[in-house]
Amino acid sequence: MATRRLPAAAAAVLLLVVFAGGAAADDASSDDDAGVPPSPGCSNKFQLVKVKNWVNGTEGTTVVGLSARFGASVPRDIHEAQKTFAVLANPLDCCSNLTSKLTNYIAIAQRGECAFTAKAKIAQAGGAAGLLVINDNEELYKMVCSDNDTSINVTIPVVMIPQSAGKKMKGLLDHGARLEVQLYSPNRPVVDFSACFLWIMAIGTIVCASLWNEFVACEQVDERYNQLTRKDGPNSGTGNREDKEIFEISAKGAIVFIIVASVFLLLLFYFMSSWFVWLLIVLFCIGGIEGMHVCLVTLLTRIFKDCGQKTIQFPFFGEVLTLSVVIIPFCTIFAILWAVYRHASFAWIGQDILGICLMITVLQMARLPNIRVASALLSAAFVYDVFWVFISPLIFHESVMIAVARGDNSGEAIPMLLRIPRFFDPWGGYDMIGFGDIIFPGLLVAFSYRFDRASKRGLLNGYFLWLTVGYTVGLFLTYVALFLMDGHGQPALLYLVPCTLGLIVILGWLRGEHHDLWNYGRSQTENLIDEP
């Protein structure tokens, strides 16, 4: 029986086109002072602020705001923060003399009509203990001083909150509710353990995919062709029943892929809507089902040899493994449950399982023939990642890659990434890494393993170990940059490509093997091919 994997390959390619990379932290940034000149009384560092609130004594949902460039700083420790009643400013814009009593209250005002500093001065003159400014959208706008504000003496904290949270507070106060708020800004932990776990997951996926064929699927080196092919043996578990379809990437195909990926990313950026995201979710589920099915069938037939021998006849499908008939419904139910509960706090587990299975399967099906093609693919991916994360804001006024990854325009998140909650971070959020940041370097790492095995190299004098170390270092540098940039999304391939492609090129040159690596497999066809 031949196992058809073309649908999974097509789904995987579409998923990669959607989102090829970008390590990110799913939260708001607190450090973006560029272009804001400091002045006396207006030199504070922007800080995220937690706004805890109680309605008639019952605790509500904590709101995240952003402090102003001016005013007093809020406490770091929640135990140092005071619970204070909040009232609406009257007039609500807080731009003229107030008629409402603000003494020892937190004033809530609407953005607009006058400068932020003017609102703060009026609220302070009225005796307010602080000021919450309701923005006119969901973004946290940075409140800075105007050019005319040469010296500012604001001694109360001023915090901007999103429009939805502000409207809710205003509605409660309009209906006579008693609203208490508490403002504080806790420090982030120095070590992000969730990022460490995500780091291990990414490395483990690549290592597992590289070793999968030999140690799980029992694929061995065929010395006649100097590359890995299927060898049937007593331990194979599946005998002749599985013919793998291998897609060898070409240099031309690599460049075309990156161009198509850029076009598709732009389409997502401009036209992303709930139905478009649902289409991507369906594609992710299809790819995840196939990936999980392939992984489970391979593992179970490896452990239970007899499972790979039993087949049944199906109309239109022909001879099918009995094990597949059992596994596919399980995988389908798993993917459907993830889609239904994708907004739940535990949904990241199912998303990561489906994603890892999909990536392992893709790394078995798509292969780099040599370093020449690897250089074309990874160099193009490098430029793609850096452009759409760092340079695109200069053209589109925001990072296209990060906007698409977060689903900013639709409320839904793109599922083509691994993510894990920041369990020990008081600000919450997720650490994320795109599939492309694993698959693109993973193709090169998997090639290095095949090259080592075909040329009978040991662990130390081969390339696989050193490229794995290089990927580990590159991903570590990515998260160091993420930490130093206070959570701003990073183009991971900016660090991963030099640490993998650059490393194998340098090692090959030092060992005098660059020509072998560059031309390896050139006797084979250089177009995308299916190998029996």
Side-chain angles (χ1 to χ4, degrees), residues 25-33 41-89 94 102-109 111 116 119-120 123-124 127-135 138-144 152 154-170 172-173 177-194 421-430 483 486-487:
D26 184 20
D27 63 1
S29 173
S30 61
D31 182 27
D32 191 1
D33 295 349
C42 191
S43 57
N44 293 351
K45 181 182 175 68
F46 293 116
Q47 292 180 331
L48 292 175
V49 177
K50 282 184 176 288
V51 184
K52 295 192 71 174
N53 57 88
W54 291 262
V55 180
N56 296 327
T58 303
E59 185 173 350
T61 303
T62 299
V63 176
V64 176
L66 185 67
S67 66
R69 194 70 191 266
F70 52 88
S73 298
V74 299
R76 288 292 187 179
D77 193 333
I78 187 174
H79 301 294
E80 298 176 2
Q82 300 292 325
K83 289 176 63 175
T84 308
F85 283 100
V87 296
L88 294 174
C94 199
L102 298 181
T103 305
N104 297 325
Y105 284 89
I106 297 289
I108 299 179
R111 177 184 176 182
F116 295 117
K119 297 178 188 290
Q124 181 174 286
L131 175 65
L132 297 181
V133 179
I134 304 173
N135 198 13
E138 291 304 298
E139 298 297 323
L140 295 177
Y141 186 82
K142 296 175 178 60
M143 295 182 288
V144 298
I152 299 174
V154 177
T155 58
I156 61 174
V158 182
V159 177
M160 175 161 283
I161 58 176
Q163 182 182 45
S164 58
K167 281 187 174 181
K168 183 177 180 181
M169 290 182 181
K170 180 179 180 298
L172 291 169
L173 291 171
R178 293 185 302 110
L179 178 64
E180 292 178 280
V181 296
Q182 186 179 35
L183 310 179
Y184 68 105
S185 180
N187 289 313
R188 291 190 182 279
V190 176
V191 178
D192 187 351
F193 291 100
S194 296
R422 294 206 224 118
F423 296 105
F424 304 103
D425 190 332
W427 294 101
Y430 289 84
F483 173 79
D486 275 351

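We're numbering straight along the sequence, starting at 1. Just so it is clear, the model here is predicted, and its values are computed rather than measured. Because only heavy atoms are used, hydrogens play no part in the values below, and waters and symmetry mates are left out as well, while side chains stay in.
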Original post:
Could you go step by step and tell me if Thr155 and Gln124 meet the side-chain hydrogen bond (donor to acceptor under 3.5 Å, both in side chains) rule?
Top reply: CA-CA 8 Å; Thr155 58; Gln124 181 174 286; 3.0 Å; yes
**OP:** Could you give me the CA-CA distance, side-chain angles and deciding distance for Asp192 and Phe424, then say whether side chain to side chain contact (heavy atoms under 4.5 Å, CB included) is met?
**Re:** CA-CA 8 Å; Asp192 187 351; Phe424 304 103; over 6 Å; no
Original post:
Where do Val158 and Val133 land on the side chain to side chain contact (heavy atoms under 4.5 Å, CB included) test, with the steps shown first?
Top reply: CA-CA 7 Å; Val158 182; Val133 179; 4.3 Å; yes
**OP:** Please report the C-alpha distance between Val51 and Leu132 in whole Å, then the side-chain angles of each, then the deciding distance to 0.1 Å, and finally whether the side chain to side chain contact (heavy atoms under 4.5 Å, CB included) criterion is met.
**Re:** CA-CA 9 Å; Val51 184; Leu132 297 181; 4.3 Å; yes
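At least one side-chain heavy atom of Leu179 sits under 4.5 Å from a side-chain heavy atom of Met169. The shortest distance between side-chain heavy atoms of Pro189 and Asp425 falls below 4.5 Å. The shortest distance between side-chain heavy atoms of Leu66 and Lys142 falls below 4.5 Å. Contact check for Lys119 versus Leu131: side-chain heavy atoms found under the 4.5 Å cut-off. Residues Val63 and Pro162 meet the side-chain proximity criterion, which asks for heavy atoms closer than 4.5 Å. With contacts defined as side-chain heavy-atom distances shorter than 4.5 Å, the pair Glu80/Arg76 does not qualify.
Remark: Asn56 CG is packed, more than 12 non-hydrogen atoms of other residues, nucleotides or ligands lying under 6.0 Å away. Heavy atoms from other residues, nucleotides or ligands lying under 6.0 Å from OH of Tyr184 number more than 12.
Residues Val154 and Ala120 share a closest heavy-atom pair of CG1-CB, 3.9 Å. The two residues Met143 and Phe70 have their closest heavy-atom pair at O-CE2, 4.0 Å. Taking every heavy atom of both residues into account, Ser185 and Leu48 meet most closely at OG-O, 2.6 Å. The two residues Ile161 and Gly166 make their nearest non-hydrogen contact at CD1-CA, 3.8 Å. Closest non-hydrogen pair, Pro426 versus Asn187, comes out as CG-O, 3.5 Å. Closest non-hydrogen pair, Ala81 versus Gln182, comes out as O-NE2, 3.0 Å.
Under the 6.0 Å distance and 45° angle rule, Arg422 does not count as a cation-pi partner of Tyr430. Phe46 carries Arg69 over the face of its six-membered ring, with the cationic atom under 6.0 Å from the centre and within 45° of the normal.
Between the Glu138 side chain and the Ser164 main chain, a donor and an acceptor come within less than 3.5 Å of each other. Between the side chain of Ser67 and the backbone N or O of Gln47 there is at least one donor-acceptor pair closer than 3.5 Å. Not a single donor-acceptor pair under 3.5 Å links the side chain of Trp54 to the backbone N or O of Lys83. Put simply, the side chain of Asn53 gets close to the backbone of Thr61: a donor and an acceptor are under 3.5 Å apart.
Once rounded to the nearest 0.5 Å, the distance linking CE of Met160 with CD1 of Ile134 reads 10.0 Å. Between the OG1 atom in Thr84 and the CD1 atom in Ile106 there is a gap of 5.0 Å [rounded to 0.5 Å].
Residues that satisfy the ring-ring contact (aromatic ring centres under 6.0 Å, His included) test with Phe85, not counting sequence neighbours, are absent from this structure.
For residues 50-65, the salt bridge (charged side-chain N to carboxylate O under 4.0 Å, His left out) pairs, not counting sequence neighbours, are Lys52-Glu59.
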